[in-house]
Amino acid sequence: MPVKPSFSSEIVNLLYSAETNPVQSCIQCGTCSSTCPVADFMDHSPRNIIALIRADLRKPVLSSNAFWYCASCYQCTVRCPAGIDIAGMMYGLKRYSMWRNHIRRGTIGADFSRRFARMILKNGKSFEPALATPYLFHYGLRTFLYDARNALALFMKGRLPLFPKRLKRSARFRGVLNRIIPMGRVA
Amino acid sequence: MKAYSYYPGCSLEKMAASYHVSTMEVAQRLGVELKELEDWNCCGATAYFHVDELLAHTLSARNLAIAEKTGLDLVAPCSGCYKNMYFTNAHLKEDPDLAEHINYALQEDDLQFSGSIQVRHLIEVFVRDVGIDEIKKRVSSPLKGLRVAPYYGCQVVRPQKDREDVEHPRFFEDLLSAVGATPTDYPLKLRCCGGSLIVTNRRAALTMVRDLLQNAVDRGAQVIATVCPLCQLNLECYQRHVNREFGTNLSLPILYFTQLLGLAMGIPAKRLGIGTELVAPAFALAR
Ligand code: SF4
Ligand code: SF4
């Protein structure tokens with residue numbers, strides 16, 4: 001009978017995809033949490049997330065908002081005495097939770113990332129207005145009005161892109177991506 | 001004349017056009033030729049790594065392969081683009097299987113990654129390749145008495161790329177001193193601007209922006225100098241939001257380091273894209 005891998009080994013394997021990341025060697029010193037600029041907003045600090053992974057507690061990890069608060073600033077990564085790339089682990093958890101479609105309610109991050117990915121697959125370049133507009137009302141009317149004022153001011157200064165740019169060889173660009181995505185096709 | 005491939009990145013096409021024009025002006029004065037990469041694509045930013053690592057590396061690999069055709073090192077003015085392309089370059093060199101897989105895909109566009117060039121950040125090219133002394137020689141109207149907070153942000157120094165100092169870098173301060181400005185002490189100079197959290201987790205991002213602005217003001221800065229379009233956008237365009245959210249009264253101009261260099265070299269403000277800010281840099285407009 002094949003043994004299903006534990007959550008922690010699953011996570012470790014996932015993180016080994018591009019580079020090694022010895023999550024198991026964490027000494028729980030808390031350097032990552034104390035150095036993280038968004039730790040105060042996370043329900044579980046980076047150190048805690050690692051402790052939960054090592055205890056194979058899949059549920060609290062996947063239900064946590066921690067990795068969606070991670071801004072990928074790598075401050076934790078460069079300071080960890082055990083050489084763990086915590087920022088890389090947060091990326092891994094984002095991918096893992098999207099893959100399992102286990103997204104905490106009210107999380108914009110996952111939707112934002114998917115939208116971004118689809119845009120790049122389609123156009124090859126990023127188009128900022130299309131990224132922010134779906135969330136215009138998420139933070140309420142006051143914020144919307146402030147954002148609209150910003151957009152208008154940027155427009156007046158000639159800084160607001162109105163049309164998405166595309167690649168010259170977009171068909172070939174999609175051809176490249178289609179060889180990486182083995183099934184189905186890119187938009 | 002030193003020549004490089006130049007990867008402007010999506011933001012510099014419009015939102016951060018002032019970074020692009022000031023880069024071009026200053027590079028020309030410094031004898032650096034920047035040849036824009038032909039038909040480049042988005043580097044994937046952070047968001048693409050959230051979805052799929054392999055595709056994210058493929059996006060960067062395509063740009064690297066196009067640059068390899070020119071034989072010139074690839075320069076990015078955006079810290080995010082720089083970090084992504086730097087590490088894809090490094091990973092693919094170390095991992096032949098990954099490179100083979102991606103090369104199979106790149107054939108569709110007649111491209112090949114072979115790892116023959118290096119990826120550099122614009123400020124690094126100015127500081128290391130051109131050199132502080134050489135820059136000093138081009139200064140015609142030094143920024144005497146201007147107190148500038150050197151804001152490094154994250155990805156230009158992190159994660160560590162080769163030998164650079166990730167805890168106490170000094171090159172930005174040296175550069176500012178070279179053009180006659182006074183770099184202020186700026187304890188939060190390596191702190192994150194919040195990146196895309198400004199869209200996805202607004203309150204957290206605004207807190208980060210507030211701390212960065214307040215810290216610079218507390219240290220007497222008249223302007224923050226930045227090396228990344230996303231840092232510029234977050235710090236500048238969301239000051240009004242910060243003021244409302246926290247009852248502060250912040251109004252601190254945020255300029256690209258290339259704009260400050262250009263001013264010191266006597267390039268007219270307008271040609272450096274100055275005047276397109278939401279927080280007007282009065283001292284610069286007066287020059
Ligand atoms: S800094 Fe490294 S060793 Fe310390 S708690 Fe964080 S992950 Fe563990
Ligand atoms: S990379 Fe993420 S977890 Fe690490 S310090 Fe930055 S925001 Fe915190």
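Throughout, a chain's letter reflects where its sequence line sits, starting with A, and its residues are numbered from 1.
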Leading residue by heavy atom contact count with chain A [cutoff under 4.5 Å; candidates [options]]:
options                            : value
M208(B), E167(B), R203(B)          : E167(B)
K83(B), E245(B), Q160(B), R240(B)  : R240(B)
G9(B), C10(B), C43(B)              : C10(B)
G195(B), C193(B), C237(B), C192(B) : C237(B)

Go through the atoms of [X] and report whether side chain, backbone, both or neither lie under 4.5 Å from a heavy atom of chain A.
X       : answer
S11(B)  : both
V199(B) : both
A17(B)  : neither

Determine whether L197(B) and V38(A) satisfy the following criterion, side chain to side chain contact (heavy atoms under 4.5 Å, CB included), listing intermediate values before the conclusion. CA-CA 10 Å; L197(B) 295 186; V38(A) 268; 4.0 Å; yes
Working to the nearest 0.5 Å, report the span between [atom1] of [X] and [atom2] of [Y].
X       : Y       : atom1 : atom2 : result
R158(B) : C76(A)  : CZ    : SG    : 9.0 Å
Y69(A)  : N201(B) : OH    : CG    : 4.5 Å
R191(B) : C73(A)  : CZ    : SG    : 8.5 Å

Is the shortest side-chain N to carboxylate O distance from [X] to [Y] below 4.0 Å?
X       : Y       : answer
E108(B) : R169(A) : no
R202(B) : D147(A) : yes
D52(B)  : R95(A)  : no
R159(A) : E236(B) : yes

Should [X] and [Y] count as side-chain neighbours, where that means a heavy-atom distance under 4.5 Å?
X       : Y       : answer
E53(B)  : Y91(A)  : no
K14(B)  : K165(A) : no
C154(B) : Y74(A)  : no
T276(B) : L154(A) : no
N150(A) : Y238(B) : yes
Y104(B) : V176(A) : no
H57(B)  : I180(A) : no

What part of F41(A) gets within 4.5 angstrom of chain B, counting heavy atoms only: side chain, backbone, both, or neither?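 Answer is side chain: those atoms of F41(A) sit under 4.5 Å from chain B.
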Name the region of T143(A), side chain, backbone, both or neither, that has any atom closer than 4.5 Å to a heavy atom of chain B.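 Looking at T143(A), backbone and side chain both touch chain B.
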Around atom [atom1] of [X], are there more than 12 heavy atoms from other residues, nucleotides or ligands closer than 6.0 Å?
X       : atom1 : value
K93(B)  : NZ    : yes
F155(A) : CZ    : no
E100(B) : CD    : no

Could you go through E277(B) and K157(A), starting from their C-alpha distance and side-chain angles, then the distance that decides it, and tell me whether this counts as salt bridge (Lys or Arg N to Asp or Glu O under 4.0 Å)? CA-CA 7 Å; E277(B) 297 77 19; K157(A) 299 278 185 187; over 6 Å; no
Which heavy atom in [X] sits nearest to a heavy atom in [Y], and how many Å separate them?
X       : Y       : result
T200(B) : G109(A) : CG2-CA, 3.7 Å
F112(A) : S196(B) : CE2-CB, 3.9 Å
I120(A) : C42(B)  : CD1-SG, 3.5 Å
A45(B)  : F116(A) : CB-CZ, 3.7 Å

Does any N or O in the side chain of D109(B) come within less than 3.5 Å of the main-chain N or O of F173(A), such that one atom is a donor and the other an acceptor?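 It does not hold such a pair.
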Quick check on the interface: out of R114(A), R79(A), R149(A), who has the most heavy-atom pairs with chain B under 4.5 Å?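 If we count pairs closer than 4.5 Å to chain B, R149(A) comes out on top.
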Could you check which of D111(A), V78(A), L167(A) has the highest count of heavy-atom pairs closer than 4.5 Å to chain B?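 When all of D111(A), V78(A), L167(A) are compared, L167(A) has the most.
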Do T58(B) and R179(A) have a side chain donor and acceptor closer than 3.5 Å?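 The answer is no; no qualifying pair exists.
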